[in-house]
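This is the structure I want to talk about, given as structure tokens.
Hydrogens, waters and symmetry mates are skipped; everything else that's a heavy atom, side chains included, is used. The structure displayed is predicted, hence computed values, not measured ones. Throughout, a chain's letter reflects where its sequence line sits, starting with A, and its residues are numbered from 1.
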Amino acid sequence: MTPLQIIFIIVAVITLFAAIKVVSSRNLVHAALWLILVLFGIAVFFVILSAGFFAAAQVVIYIGAIAILMIFTIMLTRRVARDSGAQHNSNWWAAAVLSLLLFTGLSWILSRWQGFQSTAQPMLESADPLRQLGEGLVAPGGYLIPFEVASILLVAALIGAITVAWERK
Amino acid sequence: MAFWDYLPIAILFVISAGLAAIAVGLGHLFGPRKPTPKKLEPYESGMNPFGPGTRRMPVRFYLVAVLFILFDIEVVFFLPWAVVLKDLGITGLVEMIVFVSILVVGFIYAWKKGALEWE
């Protein structure tokens with residue numbers, strides 16, 4: 001095993017453990033803190049994939065902004081932060097069977113995909129990943145329309161947030 | 001390999017975690033422990049702590065956090081664009097003007113609605 005694979009396995013185990021803690025923690029604030037660890041693990045995966053820009057964006061947006069937003073949202077609630085209700089109901093076995101089926105089906109479909117077996121072409125060492133991303137995003141013939149539509153999505157989120165949270169004086 | 005460029009960050013994490021562990025661990029190891037209810041209270045700059053640690057926040061914090069995320073994401077879109085701007089020339093500029101002017105509509109809406117004010 002290469003050192004990179006060992007790092008990947010360690011980070012994957014930590015990320016999965018933190019992800020399980022996110023859904024099993026009784027205290028919602030603790031769940032949010034575990035979520036930050038999950039998001040950080042994903043940032044490390046981006047680094048392993050040589051996607052430095054995505055790793056930085058992951059830390060700045062997901063950990064720096066969205067995790068904070070979630071903690072704010074938890075603190076907006078009155079009692080939800082310490083819910084003492086049951087964490088599962090009598091249908092848990094049906095949910096487990098369904099998720100197992102879904103996982104098997106998805107794995108089967110993915111393993112039949114021809115790209116699953118072949119190794120992806122490594123990027124040229126000389127090429128700057130950020131430059132390639134920029135060209136793919138905004139160069140004519142790239143993903144220009146989705147890029148512009150993203151701004152409409154942002155405006156929609158902004159108006160939605162104001163509608164939900166703005167209090168009339 | 002680009003991955004090993006991040007080794008200094010990993011070393012920084014290990015050192016900072018280790019320093020914190022040493023600082024807390026040494027005190028734990030050698031310090032005497034005679035806990036009283038007064039000593040176990042959370043430290044609040046010498047004042048008597050009041051209220052629960054997770055008290056409810058006004059909804060304005062939520063609004064500010066959402067606005068922050070949106071403009072954060074906007075900046076993330078700016079960076080790849082700025083890197084290739086010189087190659088694209090005037091086309092790239094027009095693309096970004098379209099992108100920003102859509103966002104300015106939302107910005108004006110937020111401003112007029114008074115969402116940016118904190119009374």
Side-chain angles (χ1 to χ4, degrees), chain A residues 3-4 7 27-29 44 47-50 52-53 55-57 60-61 64-66 68-78 81-82 123 125 128-140 144 147-148 150-152 154-167 169, chain B residues 1-6 9-10 13 52-85 87-88 91-93 95-96 98-110 112-117 119:
Chain A
L4 209 60
I7 292 173
N27 189 329
L28 268 183
V29 179
V44 176
V47 168
I48 291 175
L49 292 168
S50 298
F53 175 67
V60 169
I61 292 186
I66 291 180
I68 302 298
L69 177 77
M70 288 196 170
I71 291 174
F72 276 158
T73 318
I74 291 166
M75 288 182 164
L76 289 174
T77 60
R78 198 193 297 272
R82 271 190 299 272
M123 278 199 303
E125 282 289 324
D128 181 2
L130 184 54
R131 234 186 134 70
Q132 289 184 330
L133 175 69
E135 273 161 13
L137 208 56
V138 289
L144 182 59
F147 174 74
E148 303 287 5
S151 68
I152 298 174
L154 289 176
V155 170
L158 185 125
I159 293 173
I162 292 172
T163 313
V164 169
W166 189 76
E167 41 200 322
K169 272 165 274 183
Chain B
M1 187 95 167
F3 178 72
W4 299 111
D5 294 347
Y6 292 87
I9 299 181
F13 272 120
T54 52
R55 65 176 138 238
R56 285 179 83 193
M57 292 213 182
V59 75
R60 301 215 144 248
F61 284 99
Y62 172 81
L63 198 54
V64 170
V66 168
L67 291 178
F68 171 69
I69 289 180
L70 294 177
F71 291 112
D72 214 23
I73 294 171
E74 190 190 334
V75 170
V76 166
F77 276 111
F78 268 43
L79 192 61
W81 165 81
V83 170
V84 291
L85 178 61
D87 300 345
L88 289 176
T91 330
L93 196 64
E95 285 167 5
M96 191 43 87
V98 174
F99 183 83
V100 170
S101 48
I102 296 172
L103 275 164
V104 164
V105 175
F107 186 61
I108 292 171
Y109 176 77
K112 286 278 171 207
K113 199 90 181 169
L116 300 174
E117 278 161 43
E119 72 254 39

Exercise. Under a 4.5 Å heavy-atom cut-off, does chain A meet the side chain of B:L67, its backbone, both or neither?
Worked result: side chain
Exercise. Pick from A:I159, A:T73, A:L137: which one has the most heavy-atom pairs with chain B under 4.5 Å?
Worked result: A:I159
For this session: Heavy-atom pairs under 4.5 Å with chain B are the metric here; pick the option from A:G52, A:G64, A:A165 that has the most.
Result: A:A165
Problem set entry | Contacting region of A:F53 [heavy-atom separation from chain B under 4.5 Å] | side chain
Exercise. For B:E95 and B:L88, what are the C-alpha separation, side-chain angles and deciding distance, and is it a side-chain contact (heavy atoms from CB on, under 4.5 Å)?
Worked result: CA-CA 10 Å; B:E95 285 167 5; B:L88 289 176; 4.2 Å; yes
For this session: Can you measure from OG1 (B:T91) to CG (A:L144) and round to the nearest 0.5 angstrom?
Result: 10.0 Å
Exercise. Relative to chain A, which segment of B:F77 carries a heavy atom at a distance below 4.5 Å: side chain, backbone, both, or neither?
Worked result: both
For this session: Counting only heavy atoms closer than 4.5 Å, note whether A:I66 contacts chain B via side chain, backbone, both or neither.
Result: both
Exercise. Where do B:I102 and A:V155 come nearest, in terms of heavy atoms and distance?
Worked result: O-CG2, 3.2 Å
Problem set entry | Proximity breakdown for B:F78 and chain A, heavy-atom pairs closer than 4.5 Å | neither
Problem set entry | A:F72 and B:F61 aromatic centres sub-6.0 Å | yes
For this session: Look at the side chain of A:R131 and the backbone N and O of B:V83, then say whether any donor-acceptor pair between them is shorter than 3.5 Å.
Result: yes
Problem set entry | Per-residue contact mode, B:V105 against chain A (heavy atom under 4.5 angstrom) | neither
For this session: Evaluate the side-chain contact (heavy atoms from CB on, under 4.5 Å) criterion for residues B:M96 and B:L85: first the C-alpha distance (whole Å), next the side-chain angles of each, then the deciding distance (0.1 Å), finally the verdict.
Result: CA-CA 10 Å; B:M96 191 43 87; B:L85 178 61; over 6 Å; no
Exercise. Between the side chain of B:W81 and the main-chain N/O of B:G92, is any donor-acceptor distance below 3.5 Å?
Worked result: yes
Seminar exercise, completed: Assert top hit (heavy-atom pairs under 4.5 Å, partner chain B, pool A:G160, A:A55, A:A57, A:A161) equals A:A161
